[in-house]
Structures are given as C-alpha cells and as structure tokens.
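Sequential numbering from 1 along the given sequence is applied to the chain's residues. Whatever order the structure lists ligands and atoms in, that order sets their numbers, starting from 1. All values reported here derive from a predicted model rather than from experimental measurement.
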Amino acid sequence: MVSKKMQDALNAHVTSELYSANLYLAMSAYCDAKAYKGFGRWLRVQYFEELDHSHKMLDYLVSRGGTAAVGAVKAPPRTFGSILDLFQAVLDHERDVSQSIDELYRTAAAEKDTAAQVFLQWFVSEQVEEEANVQEIVDKLKLIGDKSSAALYLDKEYGKRQRAAG
Ligand SMILES: [Fe+2]
Ligand SMILES: [Fe+2]
C-alpha cells in the first residue's frame, strides 16, 4: 500500500511531468517555426519521453493501490528567445525537476516506503542523463556562438533523434 502523503506527492509529480511534456511541445513548435526543424524534432521526442514518465508514475501509483488524481496543467510560455536561451531554459527546468524527484525520494524514505524508493531510483538516474544531454547541447551552442552554419549543422545532427521503443 501507498501512504496518503506518498500518493499526494506522486500525483503532484505526474502533473509536473505533464507540464514538462507541454513545455517541450511548445518549444518544439517554436523551433519548427524558426526553421530549426531538427531541434524541433529532438524536443518532440522529449515531449513523448515526458509523457512516458507521467504514465510510468501513474501506473506505479495504481499498482500500489493508490488513487490517481491528475491535476490541472498550467500553460507553458509561447516564446523562448534564441535557440541558446531555449536550451538554457530546458536545462534550468530539468534541474528543477531533478530537485523535485530528490524531494519525492526523501518523502519515500521518510514514509519508510522501500518500494517507492526503489521505483524512484529509475527517475533519479533518468534525471542525471537528461541534465547531461541538455548540458551538452547548451555547451555546443555556446561554443558556436553566432555562426549560423554551425547552428544548422547541430540542428541536423540533433534532428536524428528517434523515439525509444516501448
Ligand atoms: Fe520527466
Ligand atoms: Fe525531463
């Protein structure tokens, strides 16, 4: 069984993953409109990953006898500045999400919920990977500065991202 406190925390995080999904969907459309179709595709894949995260957490909650309560998702911004500004915003957002996952983990520990701690380890590792991936994009964009040909090369490379199976 899952405690009320753990259930509330997991439900809140499901809503937060849905916000991440919508944020990346909005960013994807913004990139597409700026002719950065590759980054647009990369962000669209990320959108699906965030949806997967929300489903994974919801499925876990239900499997532990919890009650799902999907909350309202606030609207993401509509504009994101330069492509570097946009990916810096992705990095800042993922750092916030990592803190939120850490908080969930601490709640699981405080509730003496071993199953939740084991379950949340996947999310802790996923956040390490996501932060590293986005940090790399930010670093590369900083490196190329205002060289548009290099930006278009990166756009093409990151556009090769495929949605993971499952
Ligand atoms: Fe996520
Ligand atoms: Fe994420």
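Counting only protein N, O or S atoms closer than 2.8 Å to the Fe ion (ligand 2) gives 4.
Linking ILVMFWY side-chain heavy atoms closer than 4.5 Å, directly or via other members, places V128 and F87 in two distinct hydrophobic clusters. Under a hydrophobic clustering in which Ile, Leu, Val, Met, Phe, Trp and Tyr are joined whenever their side-chain heavy atoms come within less than 4.5 Å, directly or via other members, W42 and L84 fall into the same cluster.
Using a 4.0 Å cut-off between charged side-chain N and carboxylate O, D8 and K4 make a salt bridge.
The one candidate from H13, E17, Q127 that meets the side-chain hydrogen bond (donor to acceptor under 3.5 Å, both in side chains) condition with H53 is E17.
Using a 4.5 Å heavy-atom cutoff, the side chains of R95 and Q135 are in contact.
Ring geometry for F39 against Y158 counts as parallel: the plane angle stays under 30°, on a 0 to 90° scale with 60° as the upper cut.
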